[in-house]
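Down below is the structure, laid out as C-alpha cells.
Predicted model, so just to flag it, every value in this text is computed and none were measured.
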Amino acid sequence: MLNVKRVVLRSRPGKNGHPVPENFSVEEIIKSTELKEGQVLVRTVFLSVDPYMRCRMNDDTGADYLLPWRLEECVDGGGVGVVEASKNQALSVGTTVTSFNWPWQTYDVMDGSLLQKVDPEMVDGHLSYVLGAVGMPGLTALLGVREKGHVIPGRQQTMVISGAAGACGSIAGQIGRLDGCERVVGICGSDQKCQALVTELGFTAGINYKKGDVCSALREHCPTGIDIYFDNVGGPISDAVISQMNPGGHVILCGQISQYNKDVPYPPPLSEDTQEALRCKNITRERFVVLNYMEKHEEGLMQLSRWVKTGQIKVLETVVNGLENMGEAFCSMMTGGNMGKQVVKISD
C-alpha cells in the first residue's frame with residue numbers, strides 16, 4: 001500500500017467563467033501497489049498544464065477527441081515519469097515513460113500498453129521537454145507550420161505568431177525561421193517576453209499587445225504584409241493580423257485561448273469584416289489538430305530532438321514545484337503567467 005496525493009476537479013467554472021485554483025483540490029488516498037499482468041507502478045516526475053485543458057473543465061469539451069474531466073475524480077493530462085515496479089515485459093524498472101492521459105497524482109498503477117517509452121537522450125536529459133519542445137506542443141508547432149503554413153524558402157515570407165511566448169508559439173516561430181521565412185514576428189503580453197523572443201529565440205520582432213496599437217505595430221514590423229499567421233489566441237488580435245494578410249495567405253488555426261472562457265462554439269465565430277477579408281483575399285484558414293497526423297509524429301519528434309540537441313531550437317520553460325500547485329500553475333498559464341512551456345515538477 002502507498003500514500004498517494006492526487007488532484008481532483010472540485011467544481012467547474014461558471015458560464016463564461018475564468019478557472020480559479022479553487023476549482024481543484026488535493027487529496028491523499030491509500031493505493032494498492034499490487035500489479036496485474038501488464039501493469040506497472042509509475043512515479044510521476046513532471047506534469048503538463050496546457051490551454052486545451054480549459055475545454056475539459058466544461059461538461060462538453062466541444063471536441064469529439066477530448067473527454068471532459070469528471071467532478072470529484074482525478075484530473076489527467078500530459079505527464080512523464082519512471083517505472084518503479086513492473087509486471088510488463090516491455091517496461092523494466094527504471095524505464096522513463098510518458099502518456100497524454102497521465103493522472104495528476106504522485107504515483108499510479110497503469111496499464112503498460114497505454115504508456116510510451118522515452119529515451120532521455122532524445123531530450124538531452126531534460127525530461128520536461130517530453131511535455132513541450134519534444135512532445136505534443138512541439139509536434140503541434142512543427143506539423144502546423146509544415147502542413148498548413150506553406151513556407152517556401154526564398155519567397156521572402158512574413159510569419160506572425162500570436163501567443164508567441166507560449167509552449168507552442170515559441171517553437172512555431174523558430175520553425176518558421178528555420179524553414180525559410182524572412183521575417184518572424186511574435187505577439188505576446190509583456191516587454192520581457194518580447195525581448196526573449198528576439199534575443200533568445202531569433203524572432204525578428206516582438207509586439208506587446210498590452211501596450212500600444214497592435215495594428216500599427218504590425219504595419220511597422222511587417223512592411224510587406226503578412227503571409228502566414230500561426231493563430232493561438234483568436235479574438236481581436238487575430239482580427240488585426242488577418243486584416244493585414246496578403247492575398248493567398250495561410251492561417252494556421254491552432255488555438256483560441258482568448259475565447260476559451262466564453263460560451264461559444266469552437267472555432268469561435270469571426271466578425272463579418274474578418275470573414276470578408278478571408279474571402280476577398282482567398283486566405284486559407286483550416287482548423288489544425290495534431291492528432292490527425294499520427295503517422296508523422298515519430299519522424300517529427302526525431303526532427304525536434306535534433307534541433308533541440310544542436311541548439312537550433314531554444315527551449316523556454318516555466319517550472320513550478322509540487323502537486324499542490326497544479327491549480328495555480330494551470331490558472332497562471334491561462335492568463336499568460338508562463339514563459340514558454342508551463343510544467344509542474346512532482347519528484348526528482
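Lys309 contributes atom NZ, which lies 12.5 Å from atom OH of Tyr129 (distance to the nearest 0.5 angstrom). Atoms CG and CG, from Leu115 and Asn88 in turn, are 8.5 Å apart once rounded to the nearest 0.5 Å. Rounding to the nearest 0.5 Å places CE of Met57 at 4.0 Å from CG of Asn23. For the atom pair Lys117 NZ and Thr95 OG1, the distance stands at 5.5 Å (nearest 0.5 Å). Interatomic distance, OG1 of Thr274 versus CG of Asp239, reported as 3.5 Å (0.5 Å rounding). If you take CG on Leu218 and CD1 on Ile207, they are separated by 4.0 Å, rounding to the nearest 0.5 Å.
Both Leu143 and Tyr65 belong to a single network of hydrophobic side chains, linked directly or stepwise wherever heavy atoms of I, L, V, M, F, W or Y lie under 4.5 Å apart. Using a 4.5 Å cut-off between side-chain heavy atoms of Ile, Leu, Val, Met, Phe, Trp and Tyr, with links allowed through other members, Val82 and Val109 fall into different hydrophobic clusters. In terms of hydrophobic clustering, with Ile, Leu, Val, Met, Phe, Trp and Tyr side chains grouped at heavy-atom distances under 4.5 Å, Val145 and Met294 are assigned to a common cluster. By the criterion of side-chain heavy atoms lying less than 4.5 angstrom apart, applied directly or through intervening Ile, Leu, Val, Met, Phe, Trp or Tyr residues, Leu66 is grouped together with Val289 in one hydrophobic cluster.
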task = Would you check, one step at a time, whether the test ring-ring contact (aromatic ring centres under 6.0 Å, His included) holds for Phe230 with Phe288?
result = CA-CA 10 Å; Phe230 199 104; Phe288 174 75; 7.6 Å; no

message = What verdict does the side chain to side chain contact (heavy atoms under 4.5 Å, CB included) test give for Leu142 and Trp307, after you've listed the backbone C-alpha separation in whole Å, the side-chain angles of each residue and the deciding distance to 0.1 Å?
response = CA-CA 11 Å; Leu142 175 63; Trp307 276 334; 3.8 Å; yes

query = Yes or no on side chain to side chain contact (heavy atoms under 4.5 Å, CB included) for Cys181 and Ile228, after CA distance, side-chain angles and deciding distance?
reply = CA-CA 9 Å; Cys181 286; Ile228 303 153; 4.1 Å; yes

message = side chain to side chain contact (heavy atoms under 4.5 Å, CB included), that's the test. Do Val315 and His126 meet it? Break it down for me.
response = CA-CA 10 Å; Val315 181; His126 298 278; over 6 Å; no

task = Apply side chain to side chain contact (heavy atoms under 4.5 Å, CB included) to the pair Thr106 and Ser347, showing each step before the final yes or no.
result = CA-CA 8 Å; Thr106 50; Ser347 68; over 6 Å; no

request  = Would you sort out whether Lys36 and Asp111 count as a salt bridge (charged side-chain N to carboxylate O under 4.0 Å, His left out), showing the intermediate values?
outcome  = CA-CA 9 Å; Lys36 296 177 182 176; Asp111 183 341; over 6 Å; no

inquiry  = Could you go through Asp179 and Arg146, starting from their C-alpha distance and side-chain angles, then the distance that decides it, and tell me whether this counts as salt bridge (charged side-chain N to carboxylate O under 4.0 Å, His left out)?
reply    = CA-CA 9 Å; Asp179 277 4; Arg146 294 271 170 93; 2.7 Å; yes

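Within the 4.5 Å cutoff, no side-chain heavy atoms of Val308 are placed close to those of Val123. Residues Glu84 and Thr33 have side chains not in contact (no heavy-atom distance under 4.5 Å, counting atoms from C-beta outward). Proximity of Cys254 to Asn232: side-chain heavy atoms (C-beta onward) are separated by under 4.5 Å at one or more points. Side-chain atoms of Cys188 and Leu197, non-hydrogen and from C-beta on, do get closer than 4.5 Å to each other. Within the 4.5 Å cutoff, no side-chain heavy atoms of Pro68 are placed close to those of Asn58. Side-chain contact check for Cys222 versus Arg183: every heavy-atom pair is 4.5 Å or farther apart.
In this structure, Gln116 places its CD atom where more than 12 heavy-atom neighbours from other residues, nucleotides or ligands lie under 6.0 Å away. Annotation for Gln312: atom CD counts as buried by contact number, over 12 foreign heavy atoms lying within 6.0 Å. Surrounding NZ of Lys31 are more than 12 heavy atoms belonging to other residues, nucleotides or ligands, all under 6.0 Å away. Around CZ of Arg155, the count of heavy atoms belonging to other residues, nucleotides or ligands within 6.0 Å does not exceed 12. Counting heavy-atom neighbours within 6.0 Å of Glu295 CD, excluding the residue itself, gives a total above 12. Atom CD of Glu182 is surrounded by more than 12 heavy atoms from other residues, nucleotides or ligands within 6.0 Å. Environment of CD in Glu298: sparse, with no more than 12 heavy atoms of neighbouring residues, nucleotides or ligands closer than 6.0 Å. Shown here is Lys281, whose NZ atom has more than 12 heavy atoms of other residues, nucleotides or ligands within 6.0 Å.
Heavy-atom minimum distance, Ser190 versus Lys193: OG-N, 3.0 Å. Taking all atoms of both residues into account, the shortest heavy-atom contact from Gly173 to Val184 is O-CG1, 3.6 Å. In this structure, Ile283 and Asn246 approach most closely via the heavy-atom pair CG1-O, 3.9 Å. For Val40 against Ser86, the heavy-atom pair with the smallest separation is CG1-OG, 3.5 Å. Summarising the geometry of Gly234 relative to Asp231, their closest heavy-atom pair is N-OD1, 2.9 Å, with the distance given to 0.1 Å. Across every non-hydrogen atom of Met53 and Gly78, the tightest pair is CE-N, 4.2 Å.
A donor atom on one side chain and an acceptor atom on the other are not found under 3.5 Å apart for Thr224 and Gln156. Side chain to side chain, Ser48 and Lys341 meet the donor-acceptor criterion of an N or O pair below 3.5 Å.
Annotation: Phe100 is in aromatic contact with Tyr52 [ring centroid separation under 6.0 Å].
Only one option out of Asp50, Asp76, Thr61 pairs with Arg56 in a side chain to side chain donor-acceptor pair (under 3.5 Å); it is Asp76. Remark: of the listed residues Glu27, Glu22, Glu73, Glu27 is the sole one forming a salt bridge (Lys or Arg N to Asp or Glu O under 4.0 Å) with Arg10. Remark: of the listed residues Val130, Leu291, Leu131, Leu291 is the sole one forming a side-chain contact (heavy atoms from CB on, under 4.5 Å) with Met136. Here the options are Val42, Thr96, Val343, the test is side-chain contact (heavy atoms from CB on, under 4.5 Å), and the partner is Val80; only Thr96 passes.
Ring geometry for His150 against His250 counts as tilted: the plane angle lies between 30° and 60°, on a 0 to 90° scale.
At least one donor-acceptor pair closer than 3.5 Å links the side chain of Thr318 to the backbone N or O of Met339. For the pair Gln244 (side chain) and Cys215 (backbone), a donor-acceptor distance under 3.5 Å is present. When atom types are taken as modelled, the side chain of Gln275 and the backbone of Leu270 share a donor-acceptor pair closer than 3.5 angstrom. Between the side chain of His297 and the backbone N or O of Val290, at least one donor-acceptor pair lies under 3.5 Å. Between the side chain of Thr310 and the main chain of Arg306, a donor-acceptor pair closer than 3.5 Å is present. Looking at Ser170, its side chain never comes within 3.5 Å of a backbone N or O of Ala165 through a donor-acceptor pair. Remark: the backbone N or O of Lys148 is not paired with any side-chain donor or acceptor of Glu286 at under 3.5 angstrom.
Ion pair Lys296/Glu299 not flagged as a salt bridge, since none of the NZ, NE, NH1 or NH2 atoms sits closer than 4.0 Å to an Asp/Glu carboxylate oxygen.
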